[in-house]
Amino acid sequence: MSGYARRGVHGQTVETIAHRVLSGRIGEGDTLDLGALQTELGVSLTALRESLKVLAAKGMVDARQKRGTFVRPRADWHFLDVDVLRWQFESAEGPAASAGNPLLRDLGEVRGIVEPAAVRLAAERRTERDLAVLDGALEAMARASEVGEEAVDADLAFHRALLAASHNEMLERMEMVIATGLAHRDRLVHASGHRPQNPVPSHGAVLDAVRAQDPDAAEAAMRALLEQSARDLEEIRGAERAT
C-alpha cells in the first residue's frame, strides 16, 4: 500500500479516481458522475468532494457551475508532482507497463541531464557528513540481495544522497522526481528476471571520485552508470519484443 492509500477511505478514494483518470478510463474533458461514484465507492459525498479537492490541487480536475466536476486537459496536470508521477507509472497498461514505457525514456533523459551535473557539484562541495551518508548507502547496497525492496531502497538512498551533496536546493528537490521514476525502473528490472550487473562497483566509482573531489572523474563515472542502466532496460525491451 502506498501514497494516499495509507490514509483510509479518503486516501483510497483519491487513488482510485486518480488511477482511472491517468489510465484513460475517465478521459480528458469527461464530467464525473458524483452520485454514481459515491455509490460505487461506498463513500459519503463529503469524503468524495474532499478527495476531488486533492486532485484539483494537482491540476487533474476542476469544477464549474452548470458543468460539474470534469477532468482537465493533460497539459494542465502538475506532471512533476510526486503523486501524479507515481500514479502514471502505476496506471500504465499494455506496452506502457513495460520497459518500453515512454516515461522511462523521459526519466533516462532527465537523469542524463541532471545527475552528471549534480555529481560535479557534489565532488566540489561534499562534506564529511555527505560522504558518511553515501558510504552508508553503498554499504546497504552491498548487503541487499539482487532483487527486492532492499536493493531498490539502497539505490534510491545513494542517488538522493548524491543530489543532497550538491548543496543546491533546486537539484536536491529533483530527487522527488528522479526517485519516483527510479523506483519504478528498479522494480521493473527486478521483476523481469533480468540480472543486472552488480551495482556496487559502478556506484562505488562515483563515490570514489566524489571523495577525491574530482568533478571530471565523477561525471564520467556517473555517465558510465547511466549508460549501464540504459543497457539493462534495452535488454528487457528486447526480451519483451521477442515474446
How close do [X] and [Y] get, counting heavy atoms only, and between which atoms?
X      : Y      : value
Phe158 : Leu134 : O-CD2, 3.7 Å
Ser166 : Ala118 : CB-O, 3.7 Å
Ala218 : Val210 : CB-CG2, 4.3 Å
Ala36  : Asp33  : N-OD1, 3.0 Å
Leu163 : Met174 : CD1-C, 4.2 Å
Ala179 : Arg160 : CB-NH2, 3.7 Å

According to a hydrophobic-cluster definition based on side-chain heavy atoms being under 4.5 Å apart (Ile, Leu, Val, Met, Phe, Trp, Tyr only), do [X] and [Y] belong together?
X      : Y      : answer
Leu225 : Leu121 : no
Phe89  : Val177 : yes
Val9   : Val54  : yes
Met176 : Val133 : no
Val200 : Val119 : yes

Contact between [X] and [Y] at the side-chain level, heavy atoms closer than 4.5 Å - yes or no?
X      : Y      : result
Leu162 : Met222 : yes
Ile113 : Val110 : no
Arg67  : Thr31  : yes
Leu34  : Arg49  : yes
Pro199 : His203 : yes
Phe79  : Lys58  : no
Arg111 : Ser229 : yes
Arg86  : Asp83  : yes

Taking NZ, NE, NH1 and NH2 as the nitrogens, is one of them in [X] or [Y] under 4.0 Å from a carboxylate oxygen of the other?
X      : Y      : result
Arg185 : Asp232 : yes
Glu40  : Arg20  : yes
Asp76  : Arg74  : no
Asp135 : Arg211 : yes
Glu124 : Arg120 : no
Glu235 : Arg231 : no

- Task: Go through the steps to decide whether Val43 and Gln12 satisfy the test side-chain contact (heavy atoms from CB on, under 4.5 Å), and finish with yes or no.
- Result: CA-CA 10 Å; Val43 296; Gln12 292 169 16; over 6 Å; no

Once rounded to the nearest 0.5 Å, what's the spacing between atom [atom1] of [X] and atom [atom2] of [Y]?
X      : Y      : atom1 : atom2 : answer
His78  : Met60  : NE2   : CE    : 10.5 Å
Asp62  : Thr69  : CG    : OG1   : 8.0 Å
Asp208 : Asp214 : CG    : CG    : 11.0 Å
Leu85  : His184 : CG    : NE2   : 10.0 Å
Thr16  : Leu41  : OG1   : CG    : 6.0 Å
Ile17  : Trp87  : CD1   : CH2   : 10.0 Å

- Message: Are more than 12 heavy atoms, taken from residues, nucleotides or ligands other than Arg125, located less than 6.0 Å from that residue's CZ atom?
- Response: yes

Short side-chain to backbone donor-acceptor contact, [X] and [Y], under 3.5 Å:
X      : Y      : answer
Asp106 : Leu103 : no
Glu219 : Pro116 : no
Trp77  : Arg72  : yes

- Query: Which residues pass the side-chain contact (heavy atoms from CB on, under 4.5 Å) test with Ala154, sequence neighbours left out?
  - Reply: Ala140, Met141

- Query: Does the side-chain contact (heavy atoms from CB on, under 4.5 Å) test come out yes or no for Leu55 and Val21, once each step is laid out?
  - Reply: CA-CA 10 Å; Leu55 299 179; Val21 171; 5.6 Å; no

- Task: Scan side-chain atoms only and decide if His159 and Glu175 contain a donor-acceptor pair under the 3.5 Å cut-off.
- Result: no

- Tell me, with the steps shown, if Glu90 and His19 meet side chain to side chain donor-acceptor pair (under 3.5 Å). CA-CA 8 Å; Glu90 292 176 350; His19 285 154; 2.9 Å; yes

- Dump the intermediate steps for side-chain contact (heavy atoms from CB on, under 4.5 Å) on Leu32 and Leu37, then the final yes or no. CA-CA 8 Å; Leu32 304 180; Leu37 277 174; 4.2 Å; yes

- Message: side-chain contact (heavy atoms from CB on, under 4.5 Å) for Leu48 and Thr13? Distances and angles first, verdict last.
- Response: CA-CA 7 Å; Leu48 180 59; Thr13 303; 4.0 Å; yes

